Amino acid sequence: MKVCGKDIKVEGRLIRVARLDGEKYSFPDDPGAFVRGVRQSGTRVDILTFLQKLPASSERYPYSFDMDNLAVLSVSTFENWWNNQIRSYPRNRARQAQKKGVVLRKVPFGEELVRGICGIYNETPVRQGKRFPHYGMTLERAREYAGTFLDRSIYVGAFVGNDMIGFIKLTMDESRTQACLVHILSMVQHKEKAPTNALIAEAVRTCAELDVPYLVYEHFNYGKKADSLTHFKEVNGFQRFDVPRYYVPLNAIGSIALQLGLHRRIIDRIPESVAERFRDLRKAWYDRRDSVPTES
């Protein structure tokens with residue numbers, strides 16, 4: 001549904017939770033009016049949640065909140081990032097991509113991009129030791145999945161010859177205060193060409209050219225674990241930035257759910273030692289079952 005000119009997604013069966021579509025780059029202009037709009041929408045919503053916009057890290061609004069985390073890179077100039085904010089390893093990997101024939105170019109949203117995205121998503125059913133949910137993506141689904149927020153999105157493809165081996169979708173908020181790496185993915189078979197490192201560098205360059213001061217790479221940590229993806233973000237200059245995530249109960253069900261902590265994911269309540277064991281077992285099962293390239 002649409003409230004205050006912004007698209008809202010409502011999820012859940014027992015507890016209905018509403019959030020902004022693209023919540024890391026879409027924010028309510030007036031939270032009070034936004035809350036009233038959702039409450040008066042005629043759709044059952046138990047809890048409304050939204051993130052606070054960068055760069056403020058302390059709570060600004062009179063609602064219940066938990067601290068969420070983002071992977072954030074402060075951008076001034078590309079040269080400052082290249083020389084001062086990253087280690088030698090990502091610099092060498094980005095140079096390696098160029099030496100191995102990887103060419104980066106902006107790609108308009110259209111058939112070439114959609115076909116390239118399908119090729120990348122359908123390369124392998126397993127990534128990082130777990131089932132890749134977008135494997136088997138059709139052209140129609142790719143067009144729908146990647147074709148959001150076109151008025152403030154930039155697509156960059158990494159090419160070897162005519163083949164797209166990686167891509168990013170960079171989407172900015174309406175004030176161009178922050179840009180989010182909504183999609184960033186490369187083919188496993190071309191990992192030695194370091195296309196992902198080259199794409200990160202291009203994202204930083206784009207933000208610097210457009211005077212966008214913050215680049216967001218989704219969450220820094222997912223749950224309680226720090227994994228190889230967290231390390232990849234860290235060596236590329238991203239830092240953990242905690243921001244308030246607000247939860248607004250809109251009815252009695254929402255108030256009770258909030259008091260009982262039912263708005264939090266079940267996975268966040270599992271001890272990390274147990275969760276890590278489950279992840280190891282899952283990875284071993286997929287590695288044994290699938291005789292296809294997997295992404296470490």
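The model shown is predicted, which means the values in this text are computed figures rather than measured ones. The first residue of the sequence shown is numbered 1, and numbering continues consecutively from there.
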Solution key, residues 165-175 side-chain donor-acceptor pairs under 3.5 Å, sequence neighbours excluded:
residue	atom	partner	partner atom	Å
Lys169	NZ	Ala146	O	3.1
Lys169	NZ	Thr148	O	2.8
Lys169	NZ	Thr148	OG1	2.8
Thr171	OG1	Ser153	OG	2.8
Asp173	OD1	Arg176	N	3.2
Asp173	OD1	Thr177	N	2.7
Asp173	OD1	Gln178	N	2.9
Asp173	OD2	Lys53	NZ	3.2
Asp173	OD2	Ser175	OG	2.7
Glu174	OE1	Lys6	NZ	2.8
Ser175	OG	Lys53	NZ	2.5
Ser175	OG	Thr177	OG1	2.8

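- In this structure Lys193 satisfies the salt bridge (charged side-chain N to carboxylate O under 4.0 Å, His left out) test with no other residue, sequence neighbours excluded.
- With hydrophobic clusters built from ILVMFWY side chains whose heavy atoms lie under 4.5 angstrom apart, Ile86 shares a cluster with Leu181.
- The ring-ring contact (aromatic ring centres under 6.0 Å, His included) test applied to Phe109 returns Tyr155, not counting sequence neighbours.
- Contact check for Glu140 versus Glu144: no side-chain heavy atoms found under the 4.5 Å cut-off.
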Identify all side-chain donor-acceptor contacts of residues 195-204 below 3.5 Å with residues at least two apart in sequence or on another chain.
residue	atom	partner	partner atom	Å
Thr196	OG1	Ser186	OG	2.9

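- Within the 4.5 Å cutoff, the side chain of Asp30 has no heavy atoms near those of the Cys4 side chain.
- Met137 has its side chain within reach of Asn122: a pair of non-hydrogen atoms, C-beta onward, lies under 4.5 Å apart.
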### Query
After noting the C-alpha distance and the side-chain angles of Leu210 and Ile154, does the key distance pass the side chain to side chain contact (heavy atoms under 4.5 Å, CB included) rule?
CA-CA 11 Å; Leu210 296 176; Ile154 295 171; 3.7 Å; yes
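- Taking each heavy atom of Ile117 and Ala142 in turn, the nearest pair found is CG2-CB, 4.3 Å.
- Both Leu139 and Leu185 belong to a common hydrophobic cluster when Ile, Leu, Val, Met, Phe, Trp and Tyr are linked at side-chain heavy-atom distances under 4.5 angstrom.
- Residues Ile253 and Tyr247 are members of separate hydrophobic clusters, defined by side-chain heavy-atom contacts under 4.5 angstrom among Ile, Leu, Val, Met, Phe, Trp and Tyr.
- Between the side chain of Thr49 and the main chain of Tyr246, a donor-acceptor pair closer than 3.5 Å is present.
- Summarising the hydrophobic clusters (Ile, Leu, Val, Met, Phe, Trp, Tyr; side-chain heavy atoms under 4.5 Å, direct or chained), the residues clustered with Val103 are none.
- Note that the SG atom of Cys180 and the NZ atom of Lys24 stand 6.5 Å from one another [nearest 0.5 Å].
- At least one donor-acceptor pair under 3.5 Å links the side chain of Gln52 to the backbone N or O of Ser58.
- Looking at heavy atoms from C-beta onward, Val35 lies in side-chain contact with Leu250 at the 4.5 angstrom threshold.
- Within the structure, the ring pair (Phe, Tyr, Trp, His ring centres under 6.0 Å) test picks out the following pairs touching residues 5-37 (sequence neighbours left out): Tyr25-Phe149.
- Shown here is Arg95, whose CZ atom has more than 12 heavy atoms of other residues, nucleotides or ligands within 6.0 Å.
- Residue Lys106 comes nearest to Thr206 through the heavy atom pair NZ-OG1, 3.9 Å, listed as atom of the first residue, atom of the second, then distance.
- Within 6.0 Å of CZ in Arg60 there are 12 or fewer heavy atoms belonging to other residues, nucleotides or ligands.
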#### Entry: From CA spacing to verdict: side chain to side chain contact (heavy atoms under 4.5 Å, CB included), Met164, Leu113
CA-CA 8 Å; Met164 194 168 85; Leu113 178 70; 4.2 Å; yes
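- Side-chain contact check for Arg240 versus Asn221: some heavy-atom pair is nearer than 4.5 Å.
- Summarising the local packing, CG of Asn83 is surrounded by more than 12 heavy atoms from other residues, nucleotides or ligands at distances under 6.0 Å.
- Rounding to the nearest 0.5 angstrom, the gap separating the NE2 atom in His134 from the SG atom in Cys118 is 12.0 Å.
- Pairing each heavy atom of Pro31 with each of Phe50, the nearest pair is CB-CZ, 4.0 Å.
- Note: His219 NE2 to Thr230 OG1 = 11.5 Å, rounded to the nearest 0.5 Å.
- For Phe232 and Phe238, the ring centers are positioned 6.0 Å apart or more.
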### Message
Go through it in stages, so that I can follow the logic: the residues are Val17 and His263, the test is side chain to side chain contact (heavy atoms under 4.5 Å, CB included), and I'd like the CA-CA distance, side-chain angles, deciding distance and then a yes or no.
### Response
CA-CA 8 Å; Val17 179; His263 59 292; 5.7 Å; no
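- The shortest side-chain heavy-atom distance between Asp46 and Arg16 falls under the 4.5 Å cut-off.
- Under the 4.0 Å criterion applied to side-chain N and carboxylate O atoms, Asp7 and Lys9 are not assigned as salt-bridge partners.
- Contact annotation: the side chain of Phe159 approaches that of Val107 to within less than 4.5 Å [non-hydrogen atoms, C-beta and beyond].
- Of the possible donor and acceptor atoms, one in the side chain of Glu123 sits under 3.5 Å from a partner among the backbone N and O of Gln189.
- For the residue pair Phe65 and Pro244, the shortest heavy atom distance occurs at CD1-CB, 4.0 Å.
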### Task
Quick one: do Met1 and Val38 satisfy side chain to side chain contact (heavy atoms under 4.5 Å, CB included)? Show the steps, please.
CA-CA 9 Å; Met1 62 183 180; Val38 175; 4.1 Å; yes
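- Val75 and Leu104 fall within a single hydrophobic cluster, where Ile, Leu, Val, Met, Phe, Trp and Tyr side chains are chained together by heavy-atom contacts under 4.5 Å.
- For Tyr89, the OH atom is loosely surrounded, since the number of other residues' heavy atoms within 6.0 Å does not exceed 12.
- Among pairs with a residue in residues 182-215, those fulfilling ring pair (Phe, Tyr, Trp, His ring centres under 6.0 Å) read Tyr145-His183, at least two apart in sequence or across chains.
- Note on residues 149-165: no pairs pass salt bridge (charged side-chain N to carboxylate O under 4.0 Å, His left out), not counting sequence neighbours.
- To the nearest 0.5 Å, the span separating CD1 on Ile8 from OG1 on Thr43 amounts to 10.5 Å.
- Connection of Ile15 to Leu258 is established within a shared hydrophobic cluster, with ILVMFWY side chains joined at heavy-atom distances below 4.5 Å, either directly or through further cluster members.
- Closest heavy-atom contact between Pro28 and Leu20: CD-CD1, 3.5 Å.
- Expressed to the nearest 0.5 Å, how far CE of Met67 lies from CZ of Phe241 amounts to 8.5 Å.
- In this structure, the salt bridge (charged side-chain N to carboxylate O under 4.0 Å, His left out) partners of Asp66, at least two apart in sequence or on a different chain, are Arg264.
- The side-chain contact (heavy atoms from CB on, under 4.5 Å) search around Ala94 returns Trp82, not counting sequence neighbours.
- Atom CZ of Arg143 and atom OG1 of Thr138 lie 8.5 Å apart (nearest 0.5 Å).
- Counting only heavy atoms from C-beta outward, the side chains of Trp81 and Asn236 approach each other to under 4.5 Å.
- Listed by first and then second residue, the salt bridge (charged side-chain N to carboxylate O under 4.0 Å, His left out) pairs involving residues 67-92 are Asp68-Arg245 (not counting sequence neighbours).
- In this structure, the side-chain contact (heavy atoms from CB on, under 4.5 Å) partners of Glu192, at least two apart in sequence or on a different chain, are Lys100.
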